[in-house]
2 protein chains.
Amino acid sequence: MKELTKQQSKVLACVEVYLNKTGFPPTRAEICKELGFKSPNAAEMHLRALEKKGYIAIQSGSSRGLSIIKSQQSFESMHDSMPVIGLVAAGSPTLAEENIEKRIPCDPSLFSEGFDYFLKVKGLSMIDAGIHEDDLVAIKKTTLVKNGDLVVVRIEDEVTLKYFHQQDHLLELIPANKDFATIKIDLREQEAFVEGKSVGLIRTH
Amino acid sequence: MKELTKQQSKVLACVEVYLNKTGFPPTRAEICKELGFKSPNAAEMHLRALEKKGYIAIQSGSSRGLSIIKSQQSFESMHDSMPVIGLVAAGSPTLAEENIEKRIPCDPSLFSEGFDYFLKVKGLSMIDAGIHEDDLVAIKKTTLVKNGDLVVVRIEDEVTLKYFHQQDHLLELIPANKDFATIKIDLREQEAFVEGKSVGLIRTH
DNA sequence: ATTTATACTGTATATTTTTACAGTATATAA
DNA sequence: TTATATACTGTAAAAATATACAGTATAAAT
């Protein structure tokens, strides 16, 4: 699929937004109004380019005869899908594109509270909570967590999934496996960031 | 929401089908062609009625200015949702309406192989497989199962979720909890029906 | 220096489309 | 019997729309 110029991209976005808002595609004139062009031919030319590059189809002779072939919108918003993030050790911007292993076709309302991404579990530290290696834990980004919540915490460059327990300056990250030790952190000496909490889990057999 | 007459219903369906096929709504003339009317006013009148009853919106002055407000298509096919079945003891037609506890907004492709319904787990017999009480196990209806698969089996009026193991006439349904005994069935003496197998699991925290 | 691609303005026209108006026919309710 | 609602045909005009053609301007490539 050929690359789009900035303006072509704008026009395609305009068509998609209009379609989402009204349920039918815009006319050339409407695209112009939306994007500030003064001639319908400006829109026409961009549409022709988009057609040639395979992003849209134009039904000639039909008013508003546009249809989207390849959407620009991230797959996210069109047919809802949620990103799967590996439990990576390094890097901080968890939801950065390069950390997304794949996407699962489902929408955020799959779990009642909503969630932001799936975290792919590594290791067996939570096995007694019924959380296995490669399970996908649905994470809702929040820093508001209670003792006993299953949380994602970042300590320096390490991200971990554990039960949360904090009393005053002592943060305890408790595993669900007797072979693993509880991580104890004195928050006066070391920083720890709560990235979110688990609201659900999915597993593929 | 008011009831539709037969013709109104046909027109609404026509708009929806056209929209699905082309990506934009039909004109009055196109509806006529599709449904065999000879006057654009026939379509116009039906559209007005559909608007008055709240099924569509008409953007006046715009060509093809129709948008669907309330689709006729069943909720199922529009916004996919999958039924949740309790692990009920009695009754046989598993997917009968009365057995559906609720529906989860997701589509069958959530798990790569596809699935037909969720089974809500009762009891702790599979706890060592990381399957807890109230977990929802995604079940694909099939009778083609291998030894080691996690299957839904019906024996008389009892439905159970266990690991499958069969050798000749001996069927073993193996739990994942040392406190539970393996169910052993001689198929020459007793019937057992494989209803499906697990392809995944979801849990709400 | 000249071509080529992108990105438009401005105008005009044929065509598409909406939409109003004038009827006809039929079944159902008052 | 007379409304009233549904379900159309047929026509026509006004408005919306696609689309062709003639230009201008700019930056990058050759």
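Throughout, a chain's letter reflects where its sequence line sits, starting with A, and its residues are numbered from 1.
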Let me check something: any side-chain donor-acceptor pairs from residues 166-178 of chain A under 3.5 Å, sequence neighbours excluded? List them with distances.
from   : atom 1 : to     : atom 2 : distance (Å)
A:Q166 : NE2    : A:D168 : O      : 3.2
A:N177 : OD1    : A:D179 : N      : 2.9
A:N177 : ND2    : A:L124 : O      : 2.9

Please set out all donor-acceptor pairs under 3.5 angstrom arising from side-chain atoms of residues 32-41 of chain A, sequence neighbours excluded.
from  : atom 1 : to    : atom 2 : distance (Å)
A:S39 : OG     : A:N41 : N      : 3.1

Review point. Can you check side-chain contact (heavy atoms from CB on, under 4.5 Å) on A:L66 and A:R28, steps first, answer last?
Key: CA-CA 10 Å; A:L66 310 176; A:R28 275 60 164 172; 3.9 Å; yes
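Between the side chains of B:E16 and B:S71, at least one donor-acceptor pair of N or O atoms lies under 3.5 Å.
Ion pairing between B:K122 and B:D134 holds under the 4.0 Å rule for side-chain N and carboxylate O.
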Exercise for review: Give the B/S/- string for nucleotides 18-25 of chain C, one per nucleotide from 5' to 3', where a protein heavy atom under 4.0 Å of the base yields B, of only the sugar-phosphate yields S, and otherwise -.
Suggested key: SBSBB---
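Per the geometry, NZ belonging to A:K38 stands 12 Å off P belonging to C:dT11, to the nearest Å. Between A:I31 atom CD1 and C:dC8 atom C1' the separation is 15 Å, expressed in whole Å.
Evaluation of the ring pair (Phe, Tyr, Trp, His ring centres under 6.0 Å) rule for B:F118 yields B:F115 as partners, not counting sequence neighbours. For A:E133, the salt bridge (charged side-chain N to carboxylate O under 4.0 Å, His left out) criterion is met by no residue, not counting sequence neighbours.
For CD of B:E191, the number of neighbouring non-hydrogen atoms (other residues, nucleotides, ligands) closer than 6.0 Å is 12 at most.
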Distances for protein N or O near nucleotides 5-7 of chain D N or O, under 3.5 Å:
from  : atom 1 : to   : atom 2 : distance (Å)
D:dA7 : OP2    : B:T5 : OG1    : 2.9

